[in-house]
Amino acid sequence: MTDCIFCKIVKGEIPTLKVYEDDKILAFLDIAQINAGHTLVILKEHSDAFSELSDKAVAELMTSVRTLAPKIAKAVGAEGFNVGINNGKAAGQIIRHTHVHIIPR
């Protein structure tokens with residue numbers, strides 16, 4: 001998807017502060033952080049919404065989130081964290097590329 005800001009980040013066309021990267025997943029700091037360490041976790045392959053993902057893609061994405069969230073919280077000295085997914089415009093999804101928020105608290 002050529003106009004997707006997250007796809008541009010994956011391609012290296014837009015700089016970001018990477019937290020984690022492998023062949024399928026990219027995690028980077030949100031530019032509008034709610035708290036220090038607020039991280040977005042995405043699949044590198046574009047999908048518009050969480051509800052459109054295959055079971056395999058959900059497993060890959062959420063396994064990464066489960067691994068990263070406590071490490072991010074510890075790194076910023078947080079006592080806990082929220083994990084959130086906005087699916088669709090009505091739910092507050094602004095960027096049409098599936099992403100998971102990890103928000104240290």
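Just so we're clear, the structure is a prediction, and the values are computed from it rather than from any experiment. FYI, the numbering just counts along the sequence from 1.
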Quick check for you: to the nearest 0.5 Å, what is the distance between H97 atom NE2 and S47 atom OG?
6.0 Å

Yes or no on side chain to side chain contact (heavy atoms under 4.5 Å, CB included) for L61 and T98, after CA distance, side-chain angles and deciding distance?
CA-CA 10 Å; L61 180 61; T98 302; 4.1 Å; yes

So which heavy atom on P104 is nearest to which on A36, and how close?
CG-O, 3.4 Å

Using 0.5 Å steps for rounding, measure from the CD1 atom of I34 to the CG atom of N82.
8.5 Å

NZ-CG distance between K24 and L43, expressed to the nearest 0.5 angstrom
9.0 Å

Do L40 and V100 make a side-chain contact, defined as non-hydrogen atoms from C-beta onward lying under 4.5 Å apart?
no

Aromatic ring proximity H99/H101, centre distance under 6.0 Å:
yes

hydrophobic_cluster_shared for I94 and I5, side chain cutoff 4.5 Å
yes

If you round to the nearest 0.5 Å, how far is CG of D30 from CD1 of I102?
11.5 Å

Which atom pair, heavy atoms only, marks the closest approach of D48 to H46?
OD1-NE2, 2.7 Å

Any side-chain heavy atom of Y20 within less than 4.5 Å of one from I25?
yes

Starting from the C-alpha separation in whole Å, work towards a yes-or-no answer on side chain to side chain contact (heavy atoms under 4.5 Å, CB included) for F81 and I103.
CA-CA 5 Å; F81 56 86; I103 305 169; over 6 Å; no

Within a 6.0 Å radius of atom CD on E21, are there more than 12 heavy atoms belonging to other residues, nucleotides or ligands?
yes

Give a yes or no on whether L29 and F6 share a hydrophobic cluster (residues Ile, Leu, Val, Met, Phe, Trp, Tyr; joining criterion: side-chain heavy atoms under 4.5 Å apart).
no

Throw together a table of side-chain donor-acceptor distances under 3.5 angstrom for residues 49-57, partners on residues two or more places apart or in other chains.
residue: S51; atom: OG; partner: N87; partner atom: ND2; Å: 3.3
residue: S54; atom: OG; partner: A57; partner atom: N; Å: 3.0

Heavy-atom side-chain contact between I9 and I42 under 4.5 Å:
no

Using modelled atom types and a 3.5 Å cut-off, is there a donor and acceptor pairing between side-chain atoms of E13 and backbone atoms of K8?
no

Scan the side chains in residues 62-78 for donor-acceptor partners under 3.5 Å anywhere in the protein, sequence neighbours excluded, and list what turns up.
residue: T63; atom: OG1; partner: A59; partner atom: O; Å: 2.7
residue: S64; atom: OG; partner: E60; partner atom: O; Å: 3.1
residue: T67; atom: OG1; partner: T63; partner atom: O; Å: 3.0

What pair of heavy atoms forms the shortest contact from K44 to D22, and how long is it?
NZ-O, 2.6 Å

Pairwise side-chain contact, F28 with V19, heavy-atom cut-off 4.5 Å (strictly under):
no

Of all the heavy-atom pairs spanning A27 and V41, show the shortest one and how long it is.
CB-CG2, 4.0 Å

